[in-house]
**Student:** 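Sharing a structure with you now.
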There are 2 protein chains.
Amino acid sequence: MDGEREHLAGYDPRAYDPVAVTVDVVALTIRDGALHVLLVRRGAPPYAGRWALPGGFVHAVRDAEDLPAAAVRELAEETGLSARDGMLGRVHLEQLGTYGAPGRDPRMRVISVAYLAFAPALPDPEAGGDAADAAWTPVTAARDLAFDHARILGDGLERARGKLEYTPLATAFCAPEFTIPELRAVYETVWGEELHAGNFHRKVLSVPGFVEPTGTTADRGGRKGGPRPRLYRAGDARLLHPALLRPGREQYR
Amino acid sequence: MDGEREHLAGYDPRAYDPVAVTVDVVALTIRDGALHVLLVRRGAPPYAGRWALPGGFVHAVRDAEDLPAAAVRELAEETGLSARDGMLGRVHLEQLGTYGAPGRDPRMRVISVAYLAFAPALPDPEAGGDAADAAWTPVTAARDLAFDHARILGDGLERARGKLEYTPLATAFCAPEFTIPELRAVYETVWGEELHAGNFHRKVLSVPGFVEPTGTTADRGGRKGGPRPRLYRAGDARLLHPALLRPGREQYR
DNA sequence: GAAATAGTGTCTTTCAGACAATATCCC
DNA sequence: GGGATATTGTCTGAAAGACACTATTTC
């Protein structure tokens with residue numbers, strides 16, 4: 001049963017089980033106060049015409065690229081943005097997980113390495129590469145996705161909710177300078193819960209390295225009134241201590 | 001630049017970049033009060049004679065298996081234990097991450113999906129499969145590993161330390177029935193820090209669903225005296241609320 | 001002017017950690 | 001018996017959440 005595995009040295013993958021490796025990206029951003037995910041419409045079967053996560057094959061041998069580089073490349077191709085114009089430079093990217101169940105692609109065995117991206121507000125994508133269309137889509141409207149992408153998206157959302165608790169990555173959804181109410185809106189959007197403005201404000205400022213003041217204030221106050229909030233930049237903390245725990249999770253058993 | 005990616009439908013991986021997919025397992029256990037990792041000694045080049053994490057190729061097409069199944073199979077083959085004798089049934093297994101940097105395997109492009117396992121005390125492994133030797137090794141003595149396995153092991157240890165904070169998985173290192181002092185020893189071993197016995201005891205009992213009493217006590221007290229501690233089983237909680245935070249991490253910036 | 005919002009103050013409850021006390025058991 | 005250990009009790013400080021209050025801005 002193992003004999004075929006014992007000869008790694010002389011192993012030729014072309015003579016062995018054919019496997020394809022892809023990267024898929026769950027790219028999240030906040031638009032109009034709602035959490036959006038970047039989707040592309042497939043132009044070819046299977047699942048032609050269906051929405052899917054942006055992704056594609058890893059350049060494995062020719063122009064061999066690392067996995068994160070492949071994710072950045074796919075993201076850049078689908079959004080029409082380049083990593084060099086500074087827009088993608090502020091995008092947070094981390095590995096989400098690998099999905100390789102037999103049958104997840106009807107044609108052959110495909111192992112997909114999924115990445116999770118947090119992006120500030122970006123322009124509408126231009127469909128490129130192998131996509132017939134591309135759009136930022138509210139996560140509540142992301143249904144009937146191709147392959148197992150619904151599960152990958154779900155895992156990405158759950159990861160994002162947790163990440164906001166103990167890392168300062170909520171700032172990755174904001175412009176370089178932002179206000180505490182804007183940061184609170186990010187938390188409320190991702191968690192789907194309203195937070196107490198006063199307590200949130202004090203809490204953010206009490207965590208060392210979360211945000212640092214710019215000394216300036218925003219151009220105007222809230223939409224229906226109120227004083228002009230102060231502006232902040234992301235601090236140098238990589239973890240939040242103490243963490244910003246999500247409310248209402250006492251009953252987890 | 002993308003033309004070659006646009007024809008997924010008719011794609012034949014044998015004609016494309018050859019990629020191999022493996023699973024590697026970071027299997028941790030506690031022996032003699034020290035954290036140990038399961039290592040195998042490679043019998044063939046590259047890295048012949050060097051210690052490495054147990055792992056091997058995913059059965060991708062013939063007898064196609066899911067990734068977790070491949071990890072369980074490799075673990076069973078290398079330890080000589082079967083999933084059916086109950087020993088591996090109590091092992092916790094989760095995906096750790098995927099490592100696919102070009103050049104990490106000198107022969108060809110290999111994408112490795114790493115898994116992390118927490119095991120109770122198990123017998124010594126019997127070298128099987130493609131391993132010349134296999135042994136539980138103290139993590140402090142795990143040096144000069146093959147490939148990028150040192151980095152994978154380091155990531156696994158960091159993940160394990162974090163998991164103990166907010167999940168009840170420390171119980172996965174224990175026998176089905178265990179005492180609070182034994183559980184404390186797990187935390188102290190994985191975290192490398194001494195914990196206050198009294199506060200730890202009260203804390204564990206205060207987290208709902210962490211442990212549940214059996215109503216019995218251990219055969220004997222501590223090694224140098226003391227009353228017989230009570231026995232507990234793992235509870236039904238999947239997350240610890242509130243969490244058991246690692247001490248001494250205030251200065252994280 | 002009315003209403004909404006930013007930011008601060010205060011109080012209560014919970015929890016982490018230091019320390020103490022007591023009962024039990026190994027050697 | 002002596003020393004170590006399990007378990008419980010007490011106290012202090014940090015932190016979360018509820019609520020109140022003031023100043024500022026938009027419409």
Side-chain angles (χ1 to χ4, degrees), chain A residues 33 164-166 174 177-188 191 193-208 210-211 213-232 239-252, chain B residues 33 164-166 174 177-188 191 193-208 210-211 213-232 239-252:
Chain A
L164 260 54
E165 289 191 285
Y166 57 94
C174 298
E177 297 196 350
F178 54 87
T179 69
I180 305 264
E182 284 169 357
L183 190 65
R184 174 164 48 88
V186 171
Y187 275 90
E188 291 176 336
W191 285 352
E193 302 189 63
E194 293 209 346
L195 300 176
H196 186 283
N199 290 339
F200 181 86
H201 191 104
R202 183 168 357 104
K203 170 78 185 180
V204 167
L205 295 183
S206 76
V207 177
F210 194 177
V211 300
T214 65
T216 57
T217 62
D219 289 350
R220 46 161 296 149
R223 306 205 309 183
K224 301 183 188 171
R228 293 175 182 157
R230 300 183 188 132
L231 285 168
Y232 295 85
L239 293 174
L240 301 183
H241 282 275
L244 256 143
L245 294 182
R246 232 185 312 178
R249 309 221 307 163
E250 302 82 17
Q251 319 294 21
Y252 251 85
Chain B
L164 260 55
E165 289 192 285
Y166 56 94
C174 297
E177 297 195 350
F178 53 87
T179 69
I180 306 264
E182 283 169 358
L183 190 64
R184 174 164 48 89
V186 170
Y187 275 89
E188 290 177 335
W191 285 351
E193 303 190 64
E194 293 210 346
L195 300 176
H196 186 284
N199 289 339
F200 180 87
H201 191 105
R202 182 168 358 102
K203 170 78 185 183
V204 167
L205 293 183
S206 77
V207 177
F210 193 176
V211 299
T214 65
T216 58
T217 62
D219 287 350
R220 44 163 297 153
R223 306 205 306 182
K224 301 183 190 174
R228 293 174 182 160
R230 300 183 187 130
L231 285 168
Y232 295 85
L239 292 174
L240 301 183
H241 283 273
L244 255 144
L245 295 182
R246 231 186 312 179
R249 309 221 309 164
E250 302 81 19
Q251 319 294 21
Y252 252 84

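Each chain gets a letter, A, B and so on, in the order its sequence line appears, and its residues count up from 1. If you're wondering where the values come from, they're calculated on a predicted model, not measured in any experiment.
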**Student:** Nearest-Å distance, CZ (B/Arg246) to C1' (C/dG17)?
**Tutor:**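 It works out to 18 Å between those atoms.
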**Student:** A/His201 and side chain to side chain contact (heavy atoms under 4.5 Å, CB included): which partner among A/Asn199, A/Val204, A/Leu205?
**Tutor:** A/Leu205
**Student:** Starting at CZ of A/Arg228 and ending at C1' of D/dT24, how long is that distance when rounded to a whole Å?
**Tutor:**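 For the pair A/Arg228 CZ and D/dT24 C1', the rounded distance is 10 Å.
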**Student:** Could you check how far CG of B/Leu245 sits from C1' of C/dT14, rounded to whole Å?
**Tutor:**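 B/Leu245 atom CG is separated from C/dT14 atom C1' by 14 Å.
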**Student:** Please confirm whether the shortest side-chain N or O distance from A/His196 to OP1 or OP2 of D/dA18 is below 4.0 Å.
**Tutor:**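 Answer is no, no contact under 4.0 Å.
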**Student:** Select from A/Arg223 and A/Pro242 the residue whose nearest nucleotide in DNA chain D is closer to the 5' end of that strand.
**Tutor:**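 Its nearest nucleotide lies further toward 5', so the answer is A/Pro242.
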**Student:** Picking from D/dA18, D/dT7, C/dA6, which would you name as closest to the side chain of B/Ala197?
**Tutor:** D/dT7
**Student:** Can you tell me how far P of C/dT5 sits from CZ of A/Phe200, to the nearest Å?
**Tutor:**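 Computing the A/Phe200:CZ to C/dT5:P distance gives 16 Å.
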**Student:** Looking at side-chain heavy atoms only, is the closest gap between B/Leu244 and B/Phe210 below 4.5 Å?
**Tutor:**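 Yes, their side chains come closer than 4.5 Å.
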**Student:** Can you see if the side chain of B/Arg230 gets near the phosphate of D/dT8 - specifically, an N or O under 4.0 Å from OP1 or OP2?
**Tutor:** yes
**Student:** In whole angstroms, how far is the P atom of D/dT5 from the CD atom of B/Glu194?
**Tutor:** 10 Å
**Student:** Are A/His201 and C/dG7 close enough that a side-chain N or O sits under 4.0 Å from OP1 or OP2?
**Tutor:** yes
**Student:** Can you figure out which of C/dC19, C/dA23, C/dA6 approaches the side chain of B/Pro227 most closely?
**Tutor:** C/dA23
**Student:** Side chain of A/Arg220, heavy atoms from C-beta onward: which of D/dC27, D/dA4, D/dG17 has the nearest atom to it?
**Tutor:** D/dC27
**Student:** Give the rounded distance in Å between these two atoms: CD1 of B/Ile180 and C1' of C/dT24.
**Tutor:**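 Result: 17 Å.
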**Student:** If only atom types and distance count, is the side chain of B/Arg228 paired as donor or acceptor with the main-chain N or O of B/Asp219 below 3.5 Å?
**Tutor:** yes
**Student:** Looking across every strand, which nucleic acid part, if any, lies under 4.0 Å from A/Ala243 by heavy atom: base, sugar-phosphate, or nothing?
**Tutor:**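 Sugar-phosphate, backbone atoms only, no base.
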**Student:** Take atom CZ of B/Phe210 and atom C1' of C/dC15, then tell me their distance rounded to the nearest Å.
**Tutor:**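 After rounding, the reported distance stands at 16 Å.
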**Student:** Report the residue (A/Gly221 or A/Ser206) whose heavy-atom-nearest nucleotide on DNA chain D is the more 5′ of the two.
**Tutor:**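 First, find each residue's nearest nucleotide; the 5'-ward one identifies A/Ser206.
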**Student:** Tell me which nucleotide among D/dT8, C/dC25, D/dA15 gets nearest to the side chain of B/Leu205.
**Tutor:**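 That would be D/dT8.
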**Student:** For a 4.5 angstrom cut-off between non-hydrogen side-chain atoms, does A/Phe178 reach A/Leu231?
**Tutor:**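 A side-chain contact under 4.5 Å is absent here.
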**Student:** Nearest-nucleotide wise, let me know which of B/Leu244 and B/Gly222 is further upstream toward the 5' end of DNA chain C.
**Tutor:** B/Leu244
**Student:** With hydrogens left out and only the distance checked, is there a donor-acceptor pair under 3.5 Å joining A/Arg202's side chain and the base of C/dG7?
**Tutor:** no
**Student:** In whole Å, I'd like the distance from the CG atom of A/Asn199 to the P atom of C/dA6.
**Tutor:** 14 Å
**Student:** Is any side-chain heavy atom of A/Trp191 closer than 4.5 Å to a side-chain heavy atom of A/Pro247?
**Tutor:** yes
**Student:** Hey, does B/Gly225 reach any base, or is it just sugar-phosphate, or nothing, if we go heavy atoms under 4.0 Å?
**Tutor:**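 Base contact - B/Gly225 has a heavy atom under 4.0 Å of at least one base atom.
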**Student:** Determine whether a donor-acceptor pair (N or O, by modelled atom type, separation under 3.5 Å) exists between the side chain of A/Arg223 and the backbone of A/Gly225.
**Tutor:**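 No.
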